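Atom set for the values below is all heavy atoms of this structure, side chains included, hydrogens, waters and symmetry mates excluded. Being a predicted model, the structure only gives us computed values, none of them experimental. Order of the sequence lines sets the chain letters (A, B, ...), proteins ahead of strands, with each chain counted from 1.
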Number of protein chains: 2
Amino acid sequence: MLGAAVSVFLSTFENKVDRKGRVSVPSSFRNVLSQQKSTGIILYPSFKHPCLEGSGDERIQEIVSSIDAIDVFSDEAENLQTILADAKQVSVDSDGRVILPHEFVVHAGISDLASFVGLGKSFQIWSPKNFSIHRQKNRLRAREQGATLRIISSSSERT
Amino acid sequence: MLGAAVSVFLSTFENKVDRKGRVSVPSSFRNVLSQQKSTGIILYPSFKHPCLEGSGDERIQEIVSSIDAIDVFSDEAENLQTILADAKQVSVDSDGRVILPHEFVVHAGISDLASFVGLGKSFQIWSPKNFSIHRQKNRLRAREQGATLRIISSSSERT
DNA sequence: GGAGAATATATGGAATTTTATGGTTCTGCA
DNA sequence: TGCAGAACCATAAAATTCCATATATTCTCC
């Protein structure tokens, strides 16, 4: 196995999507998922960007719990339910691949390549082209604003 | 069935309704129901939207308990009792289909297609057309309020 | 240190199983 | 006896499993 397995989604990988919509989940992402004891991956279209949001499927439990915690008929509950209605669970096959549902491929403008972008606790899937535009914009803005990042240190994390 | 699907109703499926009113329950929904050991499905018309609410049949127990817990003569109690009065149990046949009662088809404005919408512990059945309008509205609102995203990220902030 | 063996990853394609869905028959009941 | 609902088949499309291969990458033994 590759270098020390980190327990967060990290880095960017570009993999091929075959004509059945299959694409390999980067090996390091699979390691993170199995550490989370996820049996699959939850995907849903991003509200903000032409990309997909992904995470281990234990995340769904969190959303369902959030819904339970609020009034069933409230707007807020419906907002959360929207995510459930749009989400799909995809299972990782024995070769480490998932099938990207057609609507999702369309939403993200993916054709024959998909970029898996690690965001720590979750990840995104982009068409490489859209992602490079997005990244450029982000970098520019970060530079202009002189973005700073406040690190919250927690002694419980690894050394 | 593989993929140990999460035990919640998830995603949206659009299936055909034949001229006898038969419609396939999405396979993943059937899995959730069988995990719940439901012998059938409880359906009742939503009083908020032109759609049907559905769930495994143990859900009725929860509704009954809720009624018990509140003032017997309150509006709320009456609302809930209305649900009981209007609810019907439908059985899933050996091919995984149910028959939508005619009044329900009318209430939801369903003709030859039905959208099964996963909401976690329950689901809804819509006419695809009405649902797409509803979904659009919800997504817009969710985006404006940012409520959904906030809740999700706060609950996922945990280690 | 390096040749070759053993592993791991990404990817293509075929075989097999599930679903969704249409049609037909059977059955109880009004 | 006619009709609604239930149980039965049949089949096409879709999803899942299985197998094969190319290409790295790591390991091991000399």
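- Straight-line distance from the CG atom of L100(A) to the C1' atom of dA14(D): 16 Å, rounded to whole Å.
- Without hydrogens or angle criteria, S74(A) side chain to A77(A) main chain gives a donor-acceptor distance under 3.5 Å.
- Grouping Ile, Leu, Val, Met, Phe, Trp and Tyr by side-chain contacts under 4.5 Å, direct or through others, leaves I99(A) on its own.
- In this view, R139(B) and D86(A) satisfy the side-chain hydrogen bond (donor to acceptor under 3.5 Å, both in side chains) rule, not counting sequence neighbours.
- Summarising the hydrophobic clusters (Ile, Leu, Val, Met, Phe, Trp, Tyr; side-chain heavy atoms under 4.5 Å, direct or chained), the residues clustered with W126(A) are V117(A), L119(A), F131(A).
- Distance from the side chain of R30(A) is smallest for dT9(C) among the nucleotides dT16(D), dG13(C), dT9(C).
- If you check residues 9-20 of chain B against DNA chain C, the residues with a heavy atom closer than 4.0 Å are N15(B), K16(B), D18(B), R19(B), K20(B), listed by number.
- One interatomic measurement links the two molecules: CG of D93(A) to P of dA10(C), which rounds to 12 Å at whole-angstrom precision.
- Residues from residues 106-125 of chain B that place a heavy atom under 4.0 Å from any atom of DNA chain D: there are none.
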Legend entry - T39(A) vs D57(A), side chain to side chain donor-acceptor pair (under 3.5 Å): CA-CA, chis, key distance, verdict: CA-CA 7 Å; T39(A) 63; D57(A) 55 20; 3.0 Å; yes
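- Using a 4.0 Å heavy-atom cutoff across all strands shown, V25(B) reaches sugar-phosphate atoms only and no base atom.
- Remark: R135(B) CZ to T12(B) OG1 distance equals 7.5 Å, nearest 0.5 Å.
- A straight line from CZ of R22(A) to P of dA14(D) spans 16 Å, rounded to a whole angstrom.
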Inset, instruction - Show your working on side chain to side chain donor-acceptor pair (under 3.5 Å) between E78(A) and H49(B) and close with a plain yes or no. - result: CA-CA 12 Å; E78(A) 284 204 337; H49(B) 305 293; 2.6 Å; yes
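- Partners of V90(B) by side chain to side chain contact (heavy atoms under 4.5 Å, CB included), not counting sequence neighbours, listed by chain and number: I41(B), L43(B), V98(B), P101(B).
- Contact detail for P45(B) and F104(B): the closest heavy-atom pair is CD-CE1, 3.6 Å.
- Counting heavy atoms of neighbouring residues, nucleotides and ligands inside a 6.0 Å radius, atom NZ of K48(B) exceeds 12 of them.
- The hydrophobic cluster containing V106(B), built from Ile/Leu/Val/Met/Phe/Trp/Tyr side-chain heavy atoms closer than 4.5 Å, comprises no other residue.
- Applying the ring-ring contact (aromatic ring centres under 6.0 Å, His included) criterion to F13(B), with sequence neighbours excluded, gives F29(B).
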Legend entry - Reading 5' to 3' through nucleotides 19-24 of chain D, protein heavy-atom contacts under 4.0 Å coded B for base, S for sugar-phosphate only, - for none: B-----
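- Residues meeting the side chain to side chain contact (heavy atoms under 4.5 Å, CB included) test with Q36(A), sequence neighbours left out: F9(A), V32(A), L33(A), S38(A), E58(A).
- Atom pair I99(B):CD1 and dC3(D):C1' shows a separation of 13 Å (rounding to whole Å applied).
- Legend: residues meeting side-chain hydrogen bond (donor to acceptor under 3.5 Å, both in side chains) with E103(B), ordered by chain and number and at least two apart, are K88(B).
- As a whole-Å value, the separation of N31(B) CG from dA15(D) C1' is 13 Å.
- Residue S27(B) has a polar side-chain atom (N or O) positioned under 4.0 Å from OP1 or OP2 of dT19(C).
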Legend entry - Watson-Crick and G-U pairing of DNA chain C written in dot-bracket, each distance under 3.5 angstrom, with | for inter-strand partners: ||||||||||||||||||||||||||||||
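- Residue whose closest nucleotide on DNA chain D sits further toward the 5' end, between S91(B) and S94(A): S91(B).
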